[in-house]
Amino acid sequence: MSSLLDNAWLGLTVALVPYNLLMAFVGVLVGTLIGVLPGIGPLATMAMLLPITFYSPPEAAVILLAGIYYGAQYGGSTTAILVNMPGETSSAVTCIDGHQMARNGRAGAALAVSAIASLLGGSVSLLVIMLFSKPLSDFAISFRAPDYFSVMVFGLIGSTMLGRGSLVKSIGMILFGILLGLIGTDVATGVMRFTLGFNKLYEGLDFVAVAVGLFGITEILRNLAERRAGRAVSVGKIDSLWPSRQELRDSSPAMARGSVIGSLLGILPGGGAMLSSFASYAVEKKLSGEPQRFGKGAIEGVAGPEAANNAGAQTSFIPMLALGLPSNAIMGIMIGALMIQGIAPGPNFMTQQAPLAWGLIMSMWVGNLMLVIINLPLIGLWVSLLRIPYQLMFPCIILFCCIGVYSISHSAFGVYLTAGLGLLGYVMAKLKCEPAPLVLGMILGPMMEENFRRSLQISRGDASVFFTQPISATFLAASVLLLAMIAIPRIRREREVAFVEDD
């Protein structure tokens with residue numbers, strides 16, 4: 001316990017540095033804004049802001065990006081409740097009962113319960129992170145090369161849950177991502193591979209260009225094609241922001257359950273805010289003695305999912321902190337930001353980079369408090385921003401993307417690469433191929449290759465080393481089991497239903 005308190009104090013000394021506090025504030029403010037505005041999302045925003053993190057200290061960079069991620073969960077609920085338009089995917093389920101409460105004259109109560117639930121979910125998830133990240137990290141130090149390889153295989157199989165629709169397409173995106181990750185100079189032989197004659201690619205694809213292209217530019221093209229900006233916004237009068245005693249009594253158990261559900265699902269590969277919110281809503285409806293109230297303004301339908309999505313968003317940091325593995329595309333961006341700073345994530349991360357890791361953890365608690373304080377008073381401002389036509393916003397966003405990519409690569413080639421990948425991402429979106437598994441494959445591919453080679457060198461070419469090492473064999477067996485579970489028709493149908501609201 002003393003070690004935990006020492007680590008928490010170390011984290012606070014980092015999180016409360018004035019510059020880091022400023023970055024946390026900017027992160028949650030931008031995250032809220034992005035959550036309010038439909039069609040942008042934290043993933044694209046984080047990708048577009050990656051160039052800025054290159055010029056910031058590592059602690060400030062990850063605190064900023066993390067703030068954008070969990071801040072978006074708050075902002076998404078505001079428009080979901082007031083105008084039935086989820087600003088963030090994980091808030092789609094909040095529309096069902098949150099907007100009905102607004103139509104019944106209880107918009108203020110719904111917004112307040114949403115904020116309280118998010119704070120509770122964030123607090124519970126941070127406790128889970130503090131309790132389990134360090135033990136998992138200590139356990140991971142005993143990993144050998146075959147174990148690393150098998151853990152990465154498990155992570156990539158889990159990432160297939162990030163793609164909607166066809167399981168085959170998700171696996172195809174993973175393999176394509178691994179191929180992209182292998183572009184450049186082979187470290188073992190010094191031979192250039194898959195560069196197609198472009199000398200600019202001898203160091204591999206620039207992760208910033210890939211992230212900005214596949215998420216930022218692609219998202220802009222999708223929004224323009226779907227003309228999401230044409231929606232009219234009409235908001236009724238917002239009543240008192242304080243919920244009644246009965247509403248607090250009804251919502252409290254849902255908040256607690258949602259916090260637990262989100263904390264657990266966020267740790268799993270492919271988990272996170274969206275799956276947590278849908279799972280919480282399903283649980284609340286099943287446990288309710290009056291399930292017919294759901295869809296007509298049940299306060300539990302707001303409290304549970306909002307606690308779950310914030311908890312899931314934050315516990316998804318655990319695999320990254322403890323194992324150096326991204327559990328979803330957002331964590332892939334976080335690892336990319338660390339790599340830009342010259343920091344290699346891995347099982348030793350929490351030991352070798354303790355101030356950064358614990359500073360990030362404690363900054364989330366500070367950021368959650370900031371969100372509650374700044375969100376409710378600024379509701380009117382957020383709704384006003386919804387009236388800005390998207391056609392006026394996207395040229396500025398594209399210009400910002402190009403400047404950011406050029407500032408890192410100092411080459412027009414990086415800008416051209418970003419544009420090309422943006423077009424590729426748009427084609428992939430039309431073919432219903434999700435880029436998230438691709439990015440995880442690109443990040444983990446080189447590390448998998450390195451550990452695969454090292455394992456065979458240690459075993460003198462004996463591939464059975466992956467099955468004779470206990471940890472490696474366990475993760476490979478878990479990978480096969482997870483793949484089989486995803487392929488089961490019933491589970492596959494439920495997985496596809498979870499993405500319906502995103503459309």
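Numbers here simply count residues along the sequence, with the first being 1. Computation of the quantities below employed the complete heavy-atom set of this structure, encompassing side-chain atoms and omitting hydrogens, waters and symmetry-equivalent molecules.
- Not counting sequence neighbours, E59 has no partner by the side-chain hydrogen bond (donor to acceptor under 3.5 Å, both in side chains) test.
- How far CG of L438 is from CG of L179: 9.5 Å, rounded to the nearest 0.5 Å.
- Between L196 and I183 there is no side-chain heavy-atom pair separated by less than 4.5 Å.
- For the atom pair CD1 of I178 and CE of M152, the computed distance is 11.0 Å after rounding to the nearest 0.5 Å.
- Evaluation of the side-chain hydrogen bond (donor to acceptor under 3.5 Å, both in side chains) rule for S263 yields no partner, not counting sequence neighbours.
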Inset, instruction - Show your working on side chain to side chain contact (heavy atoms under 4.5 Å, CB included) between M334 and L338 and close with a plain yes or no. - result: CA-CA 6 Å; M334 295 292 295; L338 291 173; 5.8 Å; no

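- For F467, the side-chain contact (heavy atoms from CB on, under 4.5 Å) partners two or more places apart in sequence, or in a different chain, are L476.
- The two residues I343 and P58 make their nearest non-hydrogen contact at CD1-CB, 3.7 Å.
- In this structure the side chain of Y426 never reaches within 4.5 angstrom of the side chain of I217, judged on heavy atoms.
- Of all heavy-atom pairs spanning P446 and G181, the tightest one is CG-O, 3.3 Å.
- Residues passing the side-chain hydrogen bond (donor to acceptor under 3.5 Å, both in side chains) test with Q352, sequence neighbours excluded: none.
- Distance alone, capped at 3.5 Å, is enough to place a donor-acceptor pair between the Q341 side chain and the S56 backbone.
- L65 approaches A337 most closely through the heavy-atom pair CD1-CB, 3.5 Å.
- Of the possible polar contacts, one joining the N20 side chain to the V14 backbone as a donor-acceptor pair under 3.5 Å is found.
- The side-chain heavy atoms of L21 and M370, taken from C-beta on, include a pair separated by under 4.5 Å.
- Here R193 pairs with D186, E449 under the salt bridge (Lys or Arg N to Asp or Glu O under 4.0 Å) rule; sequence neighbours left out.
- Inter-residue side-chain proximity for Y70 and L371 is flagged as met; some heavy-atom pair is nearer than 4.5 Å.
- Residues passing the side-chain hydrogen bond (donor to acceptor under 3.5 Å, both in side chains) test with T53: none are found, sequence neighbours excluded.
- Distance alone, capped at 3.5 Å, places no donor-acceptor pair between the T218 side chain and the A429 backbone.
- A donor atom on one side chain and an acceptor atom on the other are found under 3.5 Å apart for T94 and E306.
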Legend entry - side chain to side chain contact (heavy atoms under 4.5 Å, CB included) between L29 and V26, intermediate numbers included: CA-CA 5 Å; L29 192 64; V26 171; 5.7 Å; no

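- K432 contributes no side-chain N or O that, together with a main-chain N or O of K169, makes up a donor-acceptor pair within less than 3.5 Å.
- C402 meets the side-chain contact (heavy atoms from CB on, under 4.5 Å) test with I398, V415; sequence neighbours excluded.
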Inset, instruction - With side chain to side chain contact (heavy atoms under 4.5 Å, CB included) as the test, would you mind laying out the steps for V212 and L421 before giving the verdict? - result: CA-CA 9 Å; V212 173; L421 289 168; over 6 Å; no

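- S280 and A308 make their closest contact through CB-CB, 3.6 Å (heavy atoms, listed as atom of the first residue, atom of the second, distance).
- For S479, the side-chain contact (heavy atoms from CB on, under 4.5 Å) partners two or more places apart in sequence, or in a different chain, are V153, F154, I157.
- Between M46 and L50 there is no side-chain heavy-atom pair separated by less than 4.5 Å.
- Between T13 and L10 there is a side-chain heavy-atom pair separated by less than 4.5 Å.
- The distance from the CG atom of L424 to the CG atom of L180 is 8.0 Å, given to the nearest 0.5 Å.
- A search for side-chain contact (heavy atoms from CB on, under 4.5 Å) contacts involving M192 returns T185, T195, N199, Y202, not counting sequence neighbours.
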Which atom pairs, one a donor and one an acceptor, fall under 3.5 Å between side chains of residues 356-367 and the rest of the protein, sequence neighbours left out?
from, atom 1, to, atom 2, distance (Å)
S363, OG, G359, O, 3.4
S363, OG, L360, O, 2.7

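- For the atom pair S125 OG and N310 CG, the distance stands at 6.5 Å (nearest 0.5 Å).
- Contact check for Q314 versus V128: no side-chain heavy atoms found under the 4.5 Å cut-off.
- F452 is linked by a ring pair (Phe, Tyr, Trp, His ring centres under 6.0 Å) to F149, F466, counting only residues two or more places apart in sequence or in another chain.
- Interatomic distance, S150 OG to N451 CG, rounded to the nearest 0.5 Å: 9.5 Å.
- Separation of atoms CZ (R144) and CD1 (I458) is listed at 6.0 Å; rounding is to 0.5 Å.
- Counting heavy atoms from C-beta on, the side chains of T474 and D147 never come closer than 4.5 Å.
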